[in-house]
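Only one structure is covered here, and it is reproduced in the block below.
For the numbers below, each heavy atom of this structure counts, side chains included, while hydrogens, waters and symmetry mates do not. Just so it is clear, the model here is predicted, and its values are computed rather than measured. Letters A, B, ... are given to chains in the order of the sequence lines, protein chains preceding strands, and every chain is numbered from 1.
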Amino acid sequence: MKRIEVKLAVPVVAPLLDVIRALGETPSVAAPGVTVPPDADADLRGAWIGELAAAETTEVRALLALFDEVFFREGIVAFDAENAAVILRACSVLRLRLRESYLRAWGDDALESGDVEAGPFEPGGQKAMGCFLFLATVQELILQHLGDSILAN
Amino acid sequence: MSGGKPEVLAEEALRYATVGAWRVVVLNDPVNLMSYVVLVFRKVLGFDEATARRKMLEVHEQGRSVVWSGLREKAEAYAFTLQEWHLSAVVEPDEAH
């Protein structure tokens, strides 16, 4: 099984994990982008939102589980064909929630282009932006090295 | 596309004519990476690389792209799976049918 190990700077990444933990606590509202079909009855609406929320919780827990004792001792996290898809999705939903919670002031053009070196920071925004960019880097690594594995599974 | 059993295809065609078609539309967001969207389209919808990239660019440049159309139940299933991958996907009636 293909596996990649990434060496990270613990002092840089550790503070970002606090942001992820805060965002990843049991979601109280549906994630951005969740839209129930028109005319859905209460049962479908509840199942739709509930299942997506449960999946989101699972994804974020899987991501946080990467940052275990080994990470804090050696700074290494590993991705493979088994965890690639769930980590990819965790990064996606966390980035969406970061935008909702902290990064609105940046504007969508800046977020989309990645041209975010300077701009207005809301309280907590600097750490949130660091987290936003860190999660994108994780996604790019997975897509580059494990994209084929995700498609094959 | 072909390959289904004739009786199943006939049943689907009848339902299609009776209840109308629905479509799955993916909306642009400023967060998800282009390469991520391409992968999701390939994974969920079975697009080849070129189709996935073309549809991704439609979403990016025009704000939306119709990625599938057909029976409502299947449209909902696709929309749900795309939302599991955190894309903004909606189901809407296909006015063309």
Item to check | Among B:V40, B:L39, B:D29, residue most engaged with chain A (heavy-atom pairs, under 4.5 Å) | outcome: B:L39
Checklist outcome for this item: From the list A:D109, A:V93, A:V34, the residue making the most non-hydrogen contacts under 4.5 Å with chain B is A:V93
Checklist entry - Is it the side chain or the backbone of B:A75 that comes within 4.5 Å of chain A heavy atoms, both, or neither? => result neither
Checklist entry - Are any of the side-chain heavy atoms of B:N28 and A:E112 separated by less than 4.5 Å? => result yes
Checklist outcome for this item: So CD of A:E59 and CD of B:E84: to nearest 0.5 Å the spacing works out to 8.0 Å
Checklist entry - For B:E49, does the CD atom have more than 12 heavy-atom neighbours from other residues, nucleotides or ligands under 6.0 Å away? => result yes
Checklist entry - What distance do B:W85 atom CH2 and A:L88 atom CG have between them, rounded to the nearest 0.5 Å? => result 6.0 Å
Checklist entry - When rounded to the nearest 0.5 angstrom, what is the spacing between CZ in A:R95 and CG in B:L33? => result 5.0 Å
Next on the checklist: Tell me the closest heavy-atom pair linking B:E76 and A:W48, and the distance in Å.
Outcome noted: O-CH2, 3.3 Å
Checklist entry - In terms of hydrophobic clustering (I, L, V, M, F, W, Y; side-chain heavy atoms under 4.5 Å; direct or indirect links), are A:V10 and A:I76 co-clustered? => result no
Next on the checklist: Let me check something: do B:V66 and B:V37 share a hydrophobic cluster, defined by ILVMFWY side-chain heavy atoms less than 4.5 Å apart, either directly or through other members?
Outcome noted: no
Checklist outcome for this item: Output for pair (A:T35 OG1, B:L82 CG), nearest 0.5 Å, gives 11.5 Å
Next on the checklist: Using a 6.0 Å cut-off, check whether atom CD of A:E69 has over 12 heavy atoms from anything other than its own residue.
Outcome noted: no
Next on the checklist: Are A:F79 and A:L16 connected into the same hydrophobic cluster when the rule is that any two of I, L, V, M, F, W, Y join if their side-chain heavy atoms are below 4.5 Å apart?
Outcome noted: yes
Item to check | Considering all heavy atoms, the nearest A:S92-B:N32 contact | outcome: OG-OD1, 2.6 Å
Checklist entry - Are A:L64 and A:F72 connected in a single hydrophobic cluster, I mean Ile/Leu/Val/Met/Phe/Trp/Tyr linked by side-chain heavy atoms less than 4.5 Å apart? => result yes
Checklist entry - Linking I/L/V/M/F/W/Y whenever their side-chain heavy atoms sit closer than 4.5 Å, directly or via other members, would A:V6 and A:V70 fall into one cluster? => result no
Checklist entry - Could you name the residues of residues 141-153 of chain A that have a heavy atom within less than 4.5 Å of a heavy atom in chain B? => result A:L143, A:G147, A:I150, A:L151, A:N153
